[in-house]
Protein chains: 2
Amino acid sequence: MTKYFELISQTILFKGLPDQHIDELLKIAREKDFVKNVLIFTEGDNGDGFYINVEGLVKIFKLSPEGKEQILHIFGPGEPYGEVPVFSGQTFPANAETLSKCRSLFFPRKAIVNLITENPSIALNMLAVLSLRLRQFTVQVENLSLKEVPGRLAAHLLILSIEQDKTDTINLNISKSQLASLLGTIPETLSRILSKMAGQNLIDVQGRKIKLLDIEGLEMLAQTGRIADIEKL
Amino acid sequence: MTKYFELISQTILFKGLPDQHIDELLKIAREKDFVKNVLIFTEGDNGDGFYINVEGLVKIFKLSPEGKEQILHIFGPGEPYGEVPVFSGQTFPANAETLSKCRSLFFPRKAIVNLITENPSIALNMLAVLSLRLRQFTVQVENLSLKEVPGRLAAHLLILSIEQDKTDTINLNISKSQLASLLGTIPETLSRILSKMAGQNLIDVQGRKIKLLDIEGLEMLAQTGRIADIEKL
DNA sequence: TTATTTTTTTGACATAAGTCAATGCAGACC
DNA sequence: GGTCTGCATTGACTTATGTCAAAAAAATAA
């Protein structure tokens, strides 16, 4: 497991922990490999541990009674997921499915609880992580209720450009249908809005690569959330 | 502060803690009184501590650039709020304002961090609480994106009937405008939907009191989220 | 390569919900 | 009692976005 030392010490959950604690964590970790489109856990399952993703993409989503899917998160390498029910002692509130061939480390609930009891600093770290997640959700709730789809899309593209540290061409990494679900809409609507934004020279779409042509315009769109305001230019 | 012993030991944040820890907590708490419509903190403020509400109502909300308000939570007596940035060491992600005359206990960040370092079990408790909050947000995101307003309203009414432990007449406790914001909509839409649901004998509205006439119908509405399915009856 | 499946785009249409504006109603206060 | 102010309702209208269906494009497999 020591080959994951670097990765684990970089994850937000354990960043800043002393080396010996990382070693202890690696001792209780179990390697899990998944092929594409595998359900890792489903809503209602017992939360007997959490995961840190090593490679590939994992989507966290909920299903409506009619089967419509709302993606809550998509996690890449180094990101923890499934940690919510570990402490609340309840079941998973959503489903997790791989979007590609995937490898994750699994940390069993009991071992983690023991470790925390012995090392309070780990707990403080994790408290910070959960707080951060909570903050992200706050933003997502705001996006879903306060902004229309063009605004959410613009905000998402700007976040990607920061994450990928690029000011020109960004990479979605996921399909447009999945992006639609992440934004709380459907592929048709997303497609129309993408071409509308391209028509206004805000962006240039090339498959999964999107060139940001007018950062300022996108920021305005992300702020006001109404494409109408931009069209009037 | 000992007069708050009962209350603190009942809050979700500290439930199950041994008495001596509650005593320590009470030592670091500060009483804060607010009149109606006072901003307790605003988005961007430094999170140098969190609150537990003692009496009155506090709303947590975000504002869109145009000033539209999205209420995230409304907290009553015994409920903690503002705990998110205490651990992430960041600023508050939303605003807090009193809806009535209000009293809250304030717990400074540093004192809490010290206490946790000495008593890991407190941290485990708090981890559970944050996890729970996270779970609530997951549901809220689902509601906002997967259900239409009638569905969200029905779900909300059913939750209230459980919280208030009543099967017949429930009390909103807040104005209908505030309820609209909590559901991610506007007063006009809420008004129309309330009368529509009354016309179908699902509920009976008397000011802030709402009589639930057809629990099964409401549950179906909360599930499917589409009032059309009900209308066809 | 060709064939087959999946994803994306486009069009016509239906509808939920927001905007604007006017009116009605209730409690607070003089 | 009357006036005032905030809240709730109603109506006419606009618009964003979902639904359904079909075509086009892209990805994958044979």
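Chain A is the first sequence line, chain B the second, and so forth, proteins listed ahead of strands; every chain is numbered from 1. Quantities reported herein were computed from a predicted structural model and do not represent experimental measurements.
Atom C1' of nucleotide dA17(C) and atom CZ of R152(B) are separated by 9 Å, given to the nearest angstrom. In this structure, CZ of R208(B) is placed 11 Å from P of dG27(C), rounded to the nearest angstrom. Distance, E69(A) CD to dT7(C) P: 11 Å, rounded to whole Å. With rounding to whole Å, E188(A) atom CD is found 17 Å from dC13(C) atom P. Straight-line distance from the CG atom of N37(B) to the P atom of dA28(C): 15 Å, rounded to whole Å. The distance between atom CG of L153(A) and atom P of dT17(D), rounded to the nearest whole Å, is 11 Å. One interatomic measurement links the two molecules: NZ of K209(B) to P of dA26(C), which rounds to 17 Å at whole-angstrom precision. What separates CG of L190(A) from P of dT17(D) is a distance of 11 Å, to the nearest Å.
The side chain of I186(B) has dT19(C) as its nearest neighbour among dT17(D), dT19(C), dT19(D). Each of dT9(D), dT10(C), dA16(D) was ranked by its minimum atom distance to the side chain of E148(A); first place goes to dA16(D). Side chain of P150(B), nearest nucleotide from dT17(D), dC20(D), dA17(C): dA17(C).
Residues Y51(B) and K32(B) are in side-chain contact: their nearest non-hydrogen atoms beyond the backbone lie under 4.5 Å apart. Side-chain contact check for N46(B) versus T91(B): some heavy-atom pair is nearer than 4.5 Å. Residues Q164(B) and N173(B) have side chains in contact (heavy-atom distance under 4.5 Å, counting atoms from C-beta outward). Contact annotation: the side chain of L179(B) approaches that of H156(B) to within less than 4.5 Å [non-hydrogen atoms, C-beta and beyond].
Looking at E69(A), E43(A), E97(A) one by one, the single match for salt bridge (Lys or Arg N to Asp or Glu O under 4.0 Å) with K62(A) turns out to be E43(A).
A donor-acceptor pair is defined here as one N or O able to donate and one able to accept, closer than 3.5 Å; such a pair exists between the side chain of N95(A) and the backbone of F61(A). In this structure, the side chain of T11(A) engages the main chain of I8(A) through a donor-acceptor pair within 3.5 Å.
Listed by residue number, S175(A), K176(A), S177(A) are the residues of residues 168-178 of chain A with a heavy-atom contact under 4.0 Å to DNA chain C.
An OP1 or OP2 oxygen of dA17(C) is reached within less than 4.0 angstrom by no side-chain nitrogen or oxygen of T189(B).
You won't find any donor-acceptor pair under 3.5 Å spanning the side chain of R192(A) and the base of dT15(D), going by distance alone.
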